[in-house]
Amino acid sequence: MTSPNRLIVKTQTNLSFLQGRGVHGFFSFVRGHMEIYSNERADWLAKEATKLIDLVPMSIPKSFYKSVFKEHVISQWNSLYQISHNAKPTKEFFPSIPSKAIQFVPNFRIIQFLTGHGNFKAYLKCFNLSCTDLCSCSSGDVNHSILSCSKFTPARCLLISSLKKNNLAWPPSFSTLVQNKTCFASFCEFIDTIFLHIL
């Protein structure tokens, strides 16, 4: 059995050395505070070590560095994300990084809603692909499609019903739609139902 931990490797080496000299060692679990001298002595030494002024050099595992580095990168990424003037629709679903969101496999339809980059008249107008940024009843953006477009009332009623079963009020904050598996599944069904009728 091998281990990347230096202390374990050193212990295994010492045991092998002792076994080569005919000394056999064994390990057993000793419950604490049982008045066993060696155990009480080890406990006392551990407490005394916390009082030492000089730091004892110790090797830190790679996993610790990776964890600290990951937290730093995410913190930097989140700072840039927060100050950016881009991705306004996406920020309504994911206010920060990391955001408490469910894991899902993205597809063409969902991504259009999460980014606002899709068959929405408000988006298409930016590229002169639509002569207006309005839907037949009002603004033609993601918010309007989800919350109020009269064309999608039946599909929206199903979504509202699903949210109410999860004790969520209407209208929801968009971030709640991606924080709960049941709500997200209902939201995806809503998208699939209305997608071909957005324009």
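Under the 4.5 Å side-chain contact rule for hydrophobic residues, Leu7 and Val9 do not share a cluster. Residues Leu196 and Leu158 do not share a hydrophobic cluster, clusters being chains of Ile/Leu/Val/Met/Phe/Trp/Tyr side chains in contact below 4.5 Å. A single hydrophobic cluster is seen to contain both Ile191 and Phe108, as judged by linkage of ILVMFWY side chains at heavy-atom distances under 4.5 Å, directly or through other members.
With contacts defined as side-chain heavy-atom distances shorter than 4.5 Å, the pair Ile8/Thr11 does not qualify. Between Phe187 and Leu163 the shortest side-chain heavy-atom distance does not fall below 4.5 Å. In this structure, Lys121 and Ile198 have side chains that are not in contact, with every pair of non-hydrogen atoms separated by 4.5 Å or more. Between Lys164 and Ile160 there is a side-chain heavy-atom pair separated by less than 4.5 Å. Residues Asp192 and Arg109 meet the side-chain proximity criterion, which asks for heavy atoms closer than 4.5 Å. Contact check for Gln19 versus Val23: no side-chain heavy atoms found under the 4.5 Å cut-off. Residues Phe94 and Ser175 have side chains not in contact (no heavy-atom distance under 4.5 Å, counting atoms from C-beta outward). A heavy-atom distance below 4.5 Å is not found between the side chains of Lys66 and Lys70.
Partners of Phe17 according to the ring pair (Phe, Tyr, Trp, His ring centres under 6.0 Å) rule, which considers only residues two or more places apart in sequence or in another chain, do not exist here. The ring pair (Phe, Tyr, Trp, His ring centres under 6.0 Å) search around Phe190 returns none, not counting sequence neighbours. Evaluation of the side chain to side chain donor-acceptor pair (under 3.5 Å) rule for Thr182 yields no partner, not counting sequence neighbours. Applying the ring pair (Phe, Tyr, Trp, His ring centres under 6.0 Å) rule to Phe174 yields the partners Phe93; only residues at least two apart in sequence or on another chain are considered. For the side chain to side chain donor-acceptor pair (under 3.5 Å) test, no residue two or more places apart in sequence or in another chain qualifies with Glu71. Contacts of Asn5 classified as side chain to side chain donor-acceptor pair (under 3.5 Å), with partners at least two apart in sequence or in another chain: none. Scanning for side-chain contact (heavy atoms from CB on, under 4.5 Å) contacts around Arg6 gives Ser59, with sequence neighbours left out. Residues satisfying the side chain to side chain donor-acceptor pair (under 3.5 Å) criterion with Lys51, sequence neighbours excluded, are Glu48. Here Pro106 pairs with Phe104, Ile111 under the side-chain contact (heavy atoms from CB on, under 4.5 Å) rule; sequence neighbours left out.
Here the CG-OG1 distance, from Asn166 to Thr176, works out to 10.0 Å after rounding to the nearest 0.5 Å. Note that the CG atom of Leu177 and the CD atom of Gln179 stand 9.0 Å from one another [nearest 0.5 Å]. Rounding to the nearest 0.5 Å places CD1 of Ile194 at 7.0 Å from CD1 of Ile146. One finds the CZ atom of Phe120 at 11.0 Å from the SG atom of Cys149 (value rounded to the nearest 0.5 Å). Between Ser186 atom OG and Lys165 atom NZ the span is 8.0 Å, to the nearest 0.5 Å. Ser148 contributes atom OG, which lies 8.5 Å from atom CG of Asn143 (distance to the nearest 0.5 angstrom).
Formation of a donor-acceptor pair under 3.5 Å by the Asn78 side chain with backbone atoms of Ile97 is found in this model. Remark: the backbone N or O of Ser75 is paired with a side-chain donor or acceptor of Ser79 at under 3.5 angstrom. Between the Thr90 side chain and the Leu114 main chain, a donor and an acceptor come within less than 3.5 Å of each other. Listed for the Ser145 side chain is a donor-acceptor partner under 3.5 Å among the backbone atoms of Asp141. Counting only distance, with no hydrogens or angles, the side chain of Ser162 and the backbone of Leu159 share no donor-acceptor pair below 3.5 Å. In this structure a side-chain-to-backbone donor-acceptor pair under 3.5 Å is present from Gln112 to Asn119. Proximity of a side-chain donor or acceptor of Ser84 to a complementary backbone N or O of Tyr81 within less than 3.5 Å is not detected. Panel note: side chain Arg156, backbone Ser150; no donor-acceptor pair is recorded below 3.5 Å.
Side-chain heavy-atom separations under 4.5 angstrom define the hydrophobic clusters, and the remaining members of the one that includes Trp44 are Leu45. Cluster partners of Phe69, using a side-chain heavy-atom cutoff of under 4.5 Å among ILVMFWY residues and allowing indirect links, are Val73.
Considering all non-hydrogen atoms of both residues, Cys135 and Lys151 come closest at SG-CE, 4.3 Å. Scanning all heavy atoms of the two residues, the minimum distance from Lys125 to Cys131 falls at CE-O, 3.4 Å.
Within 6.0 Å of CH2 on Trp170 lie more than 12 heavy atoms contributed by other residues, nucleotides or ligands.
Pairs of residues two or more places apart, or lying in two chains, never qualify as salt bridge (Lys or Arg N to Asp or Glu O under 4.0 Å) while including a residue from residues 177-188.
Using cut-offs of 30° and 60° for the angle between ring planes, the His117 and Tyr123 rings count as parallel.
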